[in-house]
Number of protein chains: 2
Amino acid sequence: MPTPQLPDASISAVERETGLSKDTLRIWERRYGFPLPLRDAHGERLYPQDQVHKLRLISRLLGRGLRAGQLVATPLEALIARASGDEDKPAHAAARPEDGELFDTTLRLLATYDETGLRSHLSLALQRLGLQRFVIDFAARMNLRVGEAWSLGQLSISQEHLYTEQMQHQLRQGIGAIYPGVRHPSVMLTTLPGEEHQLGLLMAQACLAVEGIRCVSLGVQTPAWDISEAARQQGVEVVGLSFSEALRQKAALEMLKDLRAQLPQHIEIWAGGARWARLRRRIPGVRFIARLEELPRVISDYRAEHDPA
Amino acid sequence: MPTPQLPDASISAVERETGLSKDTLRIWERRYGFPLPLRDAHGERLYPQDQVHKLRLISRLLGRGLRAGQLVATPLEALIARASGDEDKPAHAAARPEDGELFDTTLRLLATYDETGLRSHLSLALQRLGLQRFVIDFAARMNLRVGEAWSLGQLSISQEHLYTEQMQHQLRQGIGAIYPGVRHPSVMLTTLPGEEHQLGLLMAQACLAVEGIRCVSLGVQTPAWDISEAARQQGVEVVGLSFSEALRQKAALEMLKDLRAQLPQHIEIWAGGARWARLRRRIPGVRFIARLEELPRVISDYRAEHDPA
DNA sequence: GGCACGTTTTGTCCTGGACAAAAATTGACA
DNA sequence: TGTCAATTTTTGTCCAGGACAAAACGTGCC
């Protein structure tokens with residue numbers, strides 16, 4: 001195999017390629033003795049491609065919760081085994097046959113970067129299931145499968161992008177096809193800073209749309225102050241926030257409290273995301289919605305409380 | 001009006017917001033005495049919002065060839081005058097008088113967070129202009145107006161989100177309405193790490209769609225290695241990259257060179273973005289497309305070269 | 001299982017010196 | 001006067017090594 005003979009990389013180049021900061025690269029060298037780059041005529045670090053390759057692997061595995069000190073000490077072969085291992089092991093295969101096929105087909109199309117096939121596959125699924133079941137029975141679980149496959153090294157970051165992109169497209173299509181509702185409560189949707197997953201937001205918007213509610217979406221990562229300002233100006237009744245596992249629990253709760261303090265009492269906060277399933281202490285004035293299935297009940301609760309007539 | 005009391009920003013936050021590296025921020029402080037951040041209890045820098053604001057303006061002007069030493073010494077008012085003053089004139093001048101109204105109405109709707117109004121306004125504009133003119137004559141210029149208003153503090157971050165969200169929605173609608181084409185060249189679209197603006201990507205996709213080209217989109221921030229891998233697997237003929245002003249010029253060029261070295265010779269790179277208008281040295285094997293108007297010519301050039309029959 | 005508490009690991013920030021690449025200036029020469 | 005090479009100034013990145021807070025881990029308790 002004619003491996004392209006790329007030149008040795010500067011520390012900036014390695015930062016870009018691997019996502020590891022310059023500071024991190026230097027301190028690993030100091031602490032663990034790896035990477036151990038060459039030096040150019042002026043004493044600046046030059047990383048050979050094989051070290052860059054190993055760093056890229058380490059960077060991926062770091063994202064799965066493995067620890068830096070152990071990874072850098074691991075020989076390259078063992079890293080490769082871990083990164084690509086478990087490749088063909090359907091250990092926890094699908095429970096229900098017909099659901100399994102939807103999931104597996106999606107993964108298969110992703111594996112070959114088949115955008116066209118993926119688009120038509122998802123579109124058919126949406127038409128067959130209808131928007132609500134598409135979101136709750138399919139999309140929510142598919143997200144888990146894809147996230148898992150990525151963390152096992154079976155999907156690259158660009159394949160995950162491909163999935164996200166197409167799924168968002170289908171959801172927007174589905175939402176756009178519904179004639180805008182006018183039922184209460186009016187909801188403003190967004191996420192807090194540090195939370196950049198938009199998919200959850202769109203799934204929530206879909207579930208609200210099928211209840212006849214029209215949402216104002218502010219996109220992702222809106223600072224608390226901006227949220228309260230926009231909510232006031234728009235006169236919405238509820239602020240809906242979506243959470244993945246990306247934010248730390250403590251930080252998430254603190255930001256929620258901040259926002260609660262800034263918003264007028266009469267505006268409710270609905271916080272959505274699987275993470276709330278294991279929540280201990282609730283916050284007054286905030287409703288936690290661990291699964292999208294609960295949304296219809298929350299909505300009817302709200303309507304009962306605010307419009308008893 | 002109660003001024004928003006945003007918290008002071010850490011040096012990482014400022015790096016993210018302005019695109020100026022930590023090293024640069026520190027050495028400006030040492031050399032020029034600006035920025036002059038506060039310090040927290042542990043001696044770490046805390047940048048007040050007004051300094052961040054000025055840094056953002058400076059960063060913009062730096063991109064136009066102005067010099068750092070002079071800019072940091074310039075008082076804020078003069079910077080604002082320059083930033084809003086001698087921006088490229090044709091960008092502001094509406095092609096036709098009634099188009100100017102399109103811009104002003106959009107800004108007015110944004111000012112009041114009027115999502116419904118904005119959506120219908122943009123939708124009407126799309127229907128009236130058609131996809132191609134909507135992108136080239138309206139969206140491209142509107143983006144400049146909104147970006148400028150944001151850097152001048154006239155729009156909040158959430159208002160910019162609102163704009164981006166709605167504009168993306170319209171573009172997706174427009175693209176989705178076109179029956180998928182099959183003409184050459186086949187294009188894979190994405191952005192490099194650090195470039196998270198998706199709008200440019202969608203505008204490019206729209207322009208390609210009206211030429212009968214179907215794109216594979218990998219979303220934003222794809223590492224160079226993933227791009228070359230996906231391009232090979234998909235067998236595309238062109239990799240299209242979108243650039244805003246977010247990345248520093250030097251970093252952008254270096255990443256482009258890296259990618260060029262990794263991709264097979266026969267796959268072209270098309271680099272899009274207004275920043276290339278003031279490019280000095282070109283890179284062999286990369287076509288720079290400063291304005292979307294140039295795209296049709298580039299496409300016909302490509303077809304002439306690769307299919308002379 | 002959840003929570004409060006020390007301990008270890010890990011990444012980011014700090015200072016201040018050095019220097020290369022780019023830009024501006026100077027000077028020689030056609 | 002215009003061009004080009006050489007020199008100076010400007011500017012951003014790199015380096016070393018110390019410090020420390022936040023995260024991860026482990027342990028004991030309710």
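Numbers restart at 1 for each chain; the letters A, B, ... are given by sequence-line order, proteins then strands.
- Residue A:His42 places at least one side-chain N or O closer than 4.0 Å to OP1 or OP2 of C:dA20.
- At whole-Å resolution of the value, CD in A:Glu29 and P in D:dA16 are 7 Å apart.
- Within the 3.5 Å criterion, the main-chain N or O of B:Val146 finds no donor-acceptor partner in the side chain of B:Glu160.
- One atom, CG of B:Leu62, and another, P of C:dA22, lie 16 Å apart when rounded to the nearest Å.
- With hydrogens and angles ignored, the 3.5 Å screen pairs no side-chain donor or acceptor of B:Thr74 with any backbone N or O of B:Leu79.
- Within the 4.0 Å cut-off from OP1 or OP2 of D:dC14, at least one side-chain nitrogen or oxygen of A:Lys22 is found.
- Residues A:Ile11 and A:Ile27 both approach DNA chain D. Their nearest nucleotides, taken by heavy-atom distance, put A:Ile11 toward the 5′ side.
- Between B:Arg275 and B:Glu195 no salt bridge is recorded (no basic side-chain N to carboxylate O distance below 4.0 Å).
- At least one donor-acceptor pair closer than 3.5 Å links the side chain of A:Arg260 to the backbone N or O of A:Gly285.
- The backbone N or O of B:Leu46 sits nowhere less than 3.5 Å from a side-chain atom of B:Glu44 that would complete a donor-acceptor pair.
- In this structure, the CG atom of A:Leu20 is 8 Å from the P atom of C:dG11, given to the nearest Å.
- The distance from atom NE2 of B:His161 to atom OG1 of B:Thr164, rounded to the nearest 0.5 Å, is 6.5 Å.
- For A:Arg30, the side-chain atoms get nearest to D:dG17 when compared with the rest of D:dA16, D:dG12, D:dG17.
- Within the 4.0 angstrom heavy-atom criterion, no nucleotide atom of any strand lies near B:Ser10.
- Considering only the side chain of A:Arg26, D:dC14 comes nearest among C:dA20, D:dC14, C:dG16.
- Put simply, CG on A:Asp40 is 17 Å from P on D:dT13, counting in whole angstrom units.
- Listed pair A:Thr24 / C:dT12 meets the phosphate criterion, a side-chain N or O lying under 4.0 Å from OP1 or OP2.
- Nearer the 5' end of DNA chain C, as judged by each residue's closest nucleotide, is the contact made by A:Trp28, out of A:Trp28 and A:Glu44.
- Rounded to whole Å, the distance from CG on B:Asp8 to P on C:dC13 is 16 Å.
- Checked by atom type and distance alone, the side chain of B:Thr222 never pairs as donor or acceptor with a backbone atom of B:Ile227 at under 3.5 Å.
- Residue B:Leu46 contributes atom CG, which lies 14 Å from atom C1' of D:dA21 at whole-angstrom precision.
- With sequence neighbours excluded, the residues satisfying ring-ring contact (aromatic ring centres under 6.0 Å, His included) with B:Phe243 are B:Trp276.
- In this entry the distance linking CG of A:Asp23 with P of D:dA21 reads 17 Å, nearest Å.
- The stretch residues 31-39 of chain A touches DNA chain D through A:Arg39, each having a heavy atom under 4.0 angstrom from the strand.
- For the contact set between residues 68-75 of chain B and DNA chain D, defined by any heavy atom under 4.0 Å, the members are B:Ala68, B:Gly69.
- Checking side-chain atoms of A:Gln198 against main-chain N and O of A:Gly219 turns up no donor-acceptor pair under 3.5 Å.
- As a whole-Å value, the separation of B:Leu25 CG from D:dG12 P is 10 Å.
- If you check every strand for non-hydrogen atoms under 4.0 Å, A:Arg67 touches sugar and phosphate atoms only.
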